[in-house]
Chemist: 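Sharing a structure here in structure tokens format.
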Protein chains: 2
Amino acid sequence: MCVIARLLSSRVDRSRFRESAISGLYQLYQAPPWEAKLEHNTSESVCPALESESPSARPRGSRHRWRRPVAEPGRSPATLHDVAREAGVSLATASRSLNGSTRKVNEEYRARVVAAAERLGYTPNLSAQAIAKGSTSTVALVVSDIADPYFSSIAAGVIRSAESAGLIVTMAMTERSAERELELVKTLRGQRPRVLILSGSRYVGAELEGALVKELTAFEETGGRVVIISQRELPFDTVQTDNHAGAKALAEALVAEGYRSFAALTGASSLMTSRDRLSGFREGLAAHGIDLTDDRVMQTDFTRDGGYAAAGQLIERGIDDLDVVFAVNDVMAIGAMSGFRDAGIDVPGRLAIAGFDDILTARDVTPALTTVRLPLEHVGQAAIELALGERGGSRAVVTVDGAVVLRASTPRR
Amino acid sequence: MCVIARLLSSRVDRSRFRESAISGLYQLYQAPPWEAKLEHNTSESVCPALESESPSARPRGSRHRWRRPVAEPGRSPATLHDVAREAGVSLATASRSLNGSTRKVNEEYRARVVAAAERLGYTPNLSAQAIAKGSTSTVALVVSDIADPYFSSIAAGVIRSAESAGLIVTMAMTERSAERELELVKTLRGQRPRVLILSGSRYVGAELEGALVKELTAFEETGGRVVIISQRELPFDTVQTDNHAGAKALAEALVAEGYRSFAALTGASSLMTSRDRLSGFREGLAAHGIDLTDDRVMQTDFTRDGGYAAAGQLIERGIDDLDVVFAVNDVMAIGAMSGFRDAGIDVPGRLAIAGFDDILTARDVTPALTTVRLPLEHVGQAAIELALGERGGSRAVVTVDGAVVLRASTPRR
DNA sequence: CTGTTAGCGCCTTCAT
DNA sequence: ATGAAGGCGCTAACAG
């Protein structure tokens, strides 16, 4: 039988992981974080993939090893030099026929070189090329958390555009820490990327911001391009989302739909994105004479789990006087939705809910989520275009507007 | 008013985008793909973020430019040489005090160097370091589509682990094309990464596989590590998910829950992941004397939209004889769920549904999705550990098992 | 412990 | 059109 107890004791899978753990890193498997996440959803049961019933010949969840003709791993990659020698031409000719821009090389030689390269499995060493010509073809992208659909959509846009421009993308995660962000920027600068894109909310009154700006400025002064995605607080080219106007529009739309009593779920007060959206929402309500008082604003993590938790807080506070909850982003809204559902509160029957971003799954939850649509992939694309466009003597700011999307989570009332 | 017509004509946002489009790339904004996606969900209405009502001073959705003291962008980054000179020491000393492993340098000199570096905003050129010491500190990760939560979770695991090991991750997307995958591997090899991780389903009978294996083998023979995530078809270290057993377990669990009449949604028959899961599921049913005939297997895209479309196909075929639908992955299952919902079919009342993977949002849809849990972040982590572990004379295969998670989408019946 | 000097793999004038 | 040689930024022997 499949019982909750099995899951909560988390014995089931751990044993499997233990076996498959890489020596020396064993402790990493002791308490897999993904198991911890299960705690707030106790209405599920887990079956141990029925191994007990399938006495498979091959042991599962373990690490197998068998002989393989492994080559001496000391050999190093073929170099241009090797190719030139193999083709019986000079280094310069090889270089020219393989990567040189203006083809001024005898077709026969060229063919010989290409053949030799093919034979040797030659791939130009990008680092060497970078250092020789003094410029790379990489884009460095910094996001808060790639597992968050907001960022993964933006990243998809960035990567897609970058690739079609022949650029390689390197990515780093700040885990929403300003310190880490600064540190990452420093590290990434070492790559001498052509472009450095910083995605993720800016912080208010950030003391590290000075250092960050300094770092980014230095990068820009030495030929790099930086693009910020989110707020226009930093003095660099920016793709900005109009959080304030979007939230305001949403508020007004909700009022138009008949809602009168609001609550809001926000992230840390230091996150500008959260702040702007809340203030915009407030302003929209105020325009219709509705005051969103502080006791109706719950602050939690800017994440799905934060939203889930906030739902609990709100329930504790009492929801009798509410008819709709606005979460400053979709993942929070969806988390809250699950929270309400697990608490037996009907959405949207008892409480309507709205978010912001229009992440991919917003339309797949039930009820489908009312939100402010942001064309996330295009934001990423716009960032690349901005970076690759000619650099004017001035700063460029692209403002992307949101569009309110009313869905089933906020029915007319 | 906000009416569907506004959305379908897609005039609303396009005008905004037009303004914010980067010159020369205008056409990219002509028909934003994200608008196209709206078509199959006609039960929503979009408001134009009320700009008509807010005569804001600053024009929205446009590109602003204003003067900025832009430095001559010709300057190049400070080099170690510069630092050494500035500090009045030799190149070697500077190198040693900044990056050298064993600190064997006079504390006073060290301080001087560090100060000079700070003053000059020096950052070591990673390319130069790479080429000088003959090894980089990057991990190249290839995924099908980073916007897919399955891959973004794996990527998060990879990035997190890599970063804590001091490695930088570069990422590329195949968009599920075998050709592109091969091409990307060739390009990425040029980075001379320490590790090359290939994520995403393998293909059956892939004619390009030979070339891919050749490329990867060459990479490995010259000191690189390659790790495959998915199937064990390729002769390299692998983190494998036991798709067959997981799907089989799910099938048996569903039978145990009282289900008797099944349908399945699969991806392209060339995708091993899809194939394995289907065959496992079939086997699980067969064990209980249930035959999943071909007319009950719908083949579509391995994506959310594929699932959505398949729901339509299934409805057209008729669902009277079905009581549960198994989709070979969660995004398809969730897409199908939306498809059924939009068609007015009650899930799970009329039709139950189950997926595979346990992506983050599986528990947030309503009803929460029954699935086979895969510890995705840990898969990414395991890949890094495998790659960074000592290289044995043999191939390593880590098999990650799934655990059936029964949720509300498949109530006992 | 510090400085000098070769390279690392490649591109790019500069002659030829 | 081709080849020889210098240099990109840095590290790693090697002397001192």
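Chain naming here is simple, since letters A, B, ... match the order of the sequence lines and numbering starts at 1 in each.
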Chemist: Can any side-chain N or O of A/Thr174 pair as donor or acceptor with the backbone N or O of A/Arg176 at less than 3.5 Å?
Modeler: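 Yes: the side chain of A/Thr174 pairs with the backbone of A/Arg176.
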Chemist: Once you round it to whole Å, what is the distance between C1' of C/dC10 and CZ of A/Arg85?
Modeler: 16 Å
Chemist: Using atom CD of A/Gln191 as one end and atom P of D/dG9 as the other, report the distance to the nearest whole Å.
Modeler: 17 Å
Chemist: Is it the case that the side chains of A/Glu385 and A/Gln381 hold a donor-acceptor pair, with the cut-off being a distance below 3.5 Å and no angle test?
Modeler: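 Short answer, yes.
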Chemist: For C/dC10, does either OP1 or OP2 sit under 4.0 Å from a side-chain N or O belonging to A/Asn99?
Modeler: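 Looking at the OP1 and OP2 atoms of C/dC10, neither is under 4.0 Å from any side-chain N or O of A/Asn99.
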Chemist: What is the separation between atom NE2 on A/His81 and atom P on C/dG9, rounded to the nearest whole Å?
Modeler: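 In whole Å, C/dG9 P and A/His81 NE2 are 10 Å from each other.
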Chemist: Is it true that a side-chain atom of B/Arg232 and a backbone atom of B/Asp237 form a donor plus acceptor pair closer than 3.5 Å?
Modeler: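 No, the answer is negative, given that no donor and acceptor are paired below the 3.5 Å cut-off.
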Chemist: Within this structure, what is the CD-to-C1' distance between B/Glu107 and C/dC1, rounded to whole angstrom?
Modeler: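 It is 13 Å, rounded to the nearest whole Å.
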Chemist: To the nearest Å, how far apart are B/Arg189 CZ and C/dG9 P?
Modeler: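 It works out to 14 Å between those atoms.
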Chemist: Take A/Asn125 and B/Tyr109, find for each the nucleotide of DNA chain C with the closest heavy atom, and name the residue whose nucleotide sits nearer the 5' end.
Modeler: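 The residue closer to the strand's 5' end, by nearest nucleotide, is B/Tyr109.
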Chemist: Does D/dT11 have OP1 or OP2 under 4.0 Å away from a side-chain N or O of B/Gln129?
Modeler: yes
Chemist: CG of B/Leu80 versus P of D/dC8: gap in Å, rounded?
Modeler: 14 Å
Chemist: When rounded to the nearest 0.5 angstrom, what is the spacing between CD in B/Glu175 and CG in B/Leu184?
Modeler: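 Rounded to the nearest 0.5 Å, the CD-CG separation comes to 9.5 Å.
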Chemist: Does the side chain of B/Ser90 come under 3.5 Å of the side chain of B/Thr93 through a donor N or O and an acceptor N or O?
Modeler: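 Yes, side-chain donor-acceptor contact under 3.5 Å.
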Chemist: If you take all heavy atoms of A/Arg112 and A/Ala87, which pair is closest and at what distance?
Modeler: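 Of all heavy-atom pairs spanning A/Arg112 and A/Ala87, the closest is NE-O, 3.0 Å.
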Chemist: Would you say B/Ser95 reaches D/dT11's phosphate, i.e. side-chain N/O to OP1/OP2 under 4.0 Å?
Modeler: yes
Chemist: To the nearest Å, give me how far apart CG (A/Leu98) and P (C/dC11) are.
Modeler: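 Spelled out: CG on A/Leu98 to P on C/dC11 is 8 Å.
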Chemist: Is there any side-chain hydrogen bond (donor to acceptor under 3.5 Å, both in side chains) pair reaching into residues 113-128 of chain A, and which pairs are they, with sequence neighbours excluded?
Modeler: A/Glu86-A/Arg119
Chemist: Scan nucleotides 4-8 of chain C against the protein and return all N/O pairs shorter than 3.5 Å with their distances rounded to 0.1 Å.
Modeler:
{"from": "C/dC8", "atom 1": "O2", "to": "B/Ile131", "atom 2": "O", "distance (Å)": "3.3"}
{"from": "C/dC8", "atom 1": "O2", "to": "B/Ala132", "atom 2": "N", "distance (Å)": "3.4"}

Chemist: Figure out the CD/C1' separation between B/Glu86 and D/dG9, and round it to whole Å.
Modeler: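 Computing the B/Glu86:CD to D/dG9:C1' distance gives 18 Å.
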